[in-house]
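Quick note: residue numbers are just sequence positions, from 1. Computation of the quantities below employed the complete heavy-atom set of this structure, encompassing side-chain atoms and omitting hydrogens, waters and symmetry-equivalent molecules.
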Amino acid sequence: MEARGQWGSRSSFVLAAIGSAIGLGNIWRFPYICANNGGGAFLVAFLVALITAGIPILIMELSTGHKFQKAASGSLGSISKKYEWLGWAIVGIGFVITTYYAAVMSWSFKYLWDAFTLAWGENTKDFFFNDTLGISSGPFDFGGMKTPLIIGLVLTWVSIVACIWKGPETVGKVVYATVAIPWIILVVLVIRGVTLEGAHAGLNYYLTPDFSKLMNPKVWLAAYTQVFFSLSIGFSIMFAYGSYLPRKTHMVSDAYIVAISDSLTAIMGGFAVFGALGYLSGQTGTPVTELNTAGPGLAFVVYPTIINELPMLNKLFGVLFFFMLLTLGIDSAFSLVEGVTSAVKDKFGWSHRRTNLTVAVFGFFCGFLFISGAGLYWLDIIDYFMNFFGLAIACLIECYVIGWVYSTVKLKEHINSLPGMKIGGIWEIMIKLVAPIILVVLLGWEIIARINAPYENYPRLAEGLGALVMFVLIPLAGFMFAKAKSKNE
Ligand code: PFF
């Protein structure tokens with residue numbers, strides 16, 4: 001068996017955790033989820049979710065991984081063998097998310113290429129849906145796969161495997177580049193976004209909360225799960241990253257650093273996007289709320305339009321934007337994979353390379369679904385089930401198993417025995433009561449909503465398949481992995 005790797009230094013851990021947290025979720029997912037869920041109202045819910053669940057759960061995951069020296073499945077299994085399958089289910093959710101995350105990265109590779117010539121032309125919507133995706137008529141009309149996306153998917157997986165080839169030490173180095181570069185580009189884009197003519201209309205929508213929207217539980221569930229997705233919690237990765245920490249470590253302050261930089265990046269990115277939306281709204285005479293921002297189209301339809309309409313340096317901005325999207329995505333993508341591979345290695349004692357290659361090949365082929373003609377529909381459906389249900393349930397399970405079965409008191413003792421910032425009773429209350437109660441209520445609400453009407457009017461069968469993956473296949477795989485013989489048996 002290989003020795004457990006450790007971070008080269010404190011900063012390489014913090015950067016890797018920030019690198020995992022800040023990703024497509026901040027620039028691609030946050031803005032459209034925010035725009036579809038009330039703009040300013042969503043922002044309020046997002047901040048509440050961060051305080052009541054995001055930060056407490058991040059501290060819980062890092063410290064549990066640190067305490068048990070294992071990824072999610074191993075950690076939950078160490079608390080009680082009977083919960084190991086739940087840990088594997090969490091790993092499974094991470095794996096499924098990886099497969100479509102890689103598909104979004106493949107679009108980004110293609111757009112980086114296109115940006116050199118502004119190949120998207122004037123009709124960016126048509127370019128995205130037809131030229132790029134070759135979108136079909138519905139989820140069951142699979143159409144063909146576009147060669148550039150296959151190439152993009154290959155490049156994505158090759159980059160992921162290359163980045164994690166040597167384990168945590170390489171991760172520590174790669175992230176210096178993948179965290180620092182996007183930040184510099186982001187600052188430039190924000191300045192450009194908010195100074196565009198008409199930007200104020202978009203910024204008003206972003207910053208003025210319509211409190212009546214906060215009565216809608218869906219807005220809250222969207223906010224909680226966006227926080228989870230963005231902080232990379234409810235997955236296996238923060239357990240794994242915690243497990244690579246040395247015995248004496250400043251865990252609590254580091255968790256704050258990660259959470260604050262991640263949320264600031266999303267909120268900052270929001271300024272660029274909403275500023276630009278205001279500009280676009282002025283140009284086209286369409287109100288901000290009616291611009292085509294629904295679903296995963298935002299970055300790939302609106303940004304190229306904005307880039308076209310910039311007064312100068314269009315190609316440069318285009319290349320910078322998609323390069324930024326890729327550098328942000330890559331460290332998140334490899335940490336998603338790392339969450340899966342560390343769990344497999346812990347259990348089966350496979351070598352680092354064998355595990356990475358197996359997961360990569362498997363993930364690559366699963367990604368074909370999302371780059372097919374029906375890919376966007378499936379991406380939307382699977383993303384919905386994995387986030388709104390998967391992540392919410394994963395965090396709920398963790399709060400129960402770690403907070404109640406293991407006990408927050410014991411974990412708090414462990415955390416407070418470490419140097420630096422300490423945590424108090426409020427953290428325990430969040431983990432044992434506040435977060436779980438809110439999640440149960442929101443989940444209950446969403447389940448009733450789904451029984452009453454299908455998600456986004458997709459055919460019931462397509463929605464049913466999404467539910468099947470979430471509620472049958474993932475738990476089943478969880479059982480199988482938990483039952484499989486481990487290296488110690
Ligand atoms: N936090 C990443 C993002 O916002 O893009 C997504 C992610 C990466 C989730 C890694 C989970 C994970 F393990």
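- Ring centers of Phe370 and Trp378: at least 6.0 Å apart, outside the cut-off.
- Salt bridge Lys146/Asp131: absent, no basic N to carboxylate O contact under 4.0 Å.
- Rounding to the nearest 0.5 angstrom, the gap separating the CG atom in Asn387 from the CD1 atom in Ile33 is 7.0 Å.
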(request) Go through the steps for Thr341 and Thr355 under the test side chain to side chain donor-acceptor pair (under 3.5 Å), then give the verdict. (result) CA-CA 6 Å; Thr341 54; Thr355 324; over 6 Å; no

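- The nearest pair of heavy atoms linking Ala333 to Ile160 is CB-CD1, 3.8 Å.
- Phe140 is listed as a side-chain neighbour of Leu465, based on a closest heavy-atom distance under 4.5 Å.
- Residues forming a salt bridge (charged side-chain N to carboxylate O under 4.0 Å, His left out) with Asp380 (at least two apart in sequence, or on another chain): none.
- For the pair Arg29 and Phe229, the cation-pi test (distance below 6.0 Å, angle within 45°) is passed.
- Here CG of Leu357 is found 11.0 Å from CH2 of Trp350. Values are rounded to the nearest 0.5 Å.
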(request) Report the C-alpha distance between Cys395 and Leu439 in whole Å, list the side-chain angles of each, state the deciding distance to 0.1 Å, and finish with yes or no for side chain to side chain contact (heavy atoms under 4.5 Å, CB included). (result) CA-CA 9 Å; Cys395 287; Leu439 289 174; 4.1 Å; yes

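- Atom CE of Met421 sits about 7.0 Å away from atom CD1 of Ile59, to the nearest 0.5 Å.
- Atom CD1 of Ile393 and atom CZ of Phe388 lie 13.0 Å apart (nearest 0.5 Å).
- Checking Ser342 against Tyr241 by side-chain atom types alone, no donor-acceptor pair falls below 3.5 Å.
- Under the 4.5 Å side-chain criterion, counting only non-hydrogen atoms from C-beta, Val340 is not in contact with Val337.
- Centroid-to-centroid, the aromatic rings of Phe127 and Phe300 stay 6.0 Å apart or farther.
- Screening Leu326, Thr156, Leu155 for a side chain to side chain contact (heavy atoms under 4.5 Å, CB included) with Ser108, the sole residue that qualifies is Leu326.
- In this model, a donor atom of one side chain and an acceptor atom of the other lie less than 3.5 Å apart for Tyr244 and Glu338.
- Taking the six-membered ring for Trp and the full ring otherwise, Tyr384 and Phe389 have centroids separated by under 6.0 Å.
- Side-chain contact of Trp120 with Asp126: a donor-acceptor pair under 3.5 Å is absent, judged by distance alone.
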(request) Start with the C-alpha gap between Asn37 and Lys213, add the side-chain angles, then the distance that decides, and say whether side chain to side chain contact (heavy atoms under 4.5 Å, CB included) holds. (result) CA-CA 8 Å; Asn37 288 284; Lys213 295 250 169 63; over 6 Å; no

(request) Dump the intermediate steps for side chain to side chain contact (heavy atoms under 4.5 Å, CB included) on Phe274 and Leu207, then the final yes or no. (result) CA-CA 10 Å; Phe274 283 91; Leu207 297 176; over 6 Å; no

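- Nearest heavy atoms, Lys110 versus Leu149: CD-CD2, 4.2 Å.
- The distance between the ring centers of Trp113 and Phe322 does not fall below 6.0 angstrom.
- Residue His250 comes nearest to Gly420 through the heavy atom pair CD2-CA, 3.7 Å, listed as atom of the first residue, atom of the second, then distance.
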(request) Could you give me the CA-CA distance, side-chain angles and deciding distance for Phe46 and Phe30, then say whether ring-ring contact (aromatic ring centres under 6.0 Å, His included) is met? (result) CA-CA 10 Å; Phe46 182 84; Phe30 174 87; 5.2 Å; yes

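- Heavy atoms only, all atoms of each residue included: Val301 and Lys125 are closest at CG1-CA, 3.9 Å.
- Ser106 and Ala103 make their closest contact through OG-O, 2.6 Å (heavy atoms, listed as atom of the first residue, atom of the second, distance).
- The salt bridge (charged side-chain N to carboxylate O under 4.0 Å, His left out) test applied to Asp141 returns no partner, not counting sequence neighbours.
- Here the shortest heavy-atom pairing between Ala72 and Ser236 reads N-OG, 3.2 Å.
- Atom CG of Leu50 is separated from atom CD1 of Ile57 by 11.0 Å, given to the nearest 0.5 angstrom.
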(request) Evaluate the ring-ring contact (aromatic ring centres under 6.0 Å, His included) criterion for residues Phe368 and Phe364: first the C-alpha distance (whole Å), next the side-chain angles of each, then the deciding distance (0.1 Å), finally the verdict. (result) CA-CA 7 Å; Phe368 280 6; Phe364 171 72; 5.1 Å; yes

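- Side-chain contact between Ser75 and Thr64 is present, with heavy atoms from C-beta onward closer than 4.5 Å.
- Once rounded to the nearest 0.5 Å, the distance linking CG of Asp262 with CG of Asn26 reads 4.5 Å.
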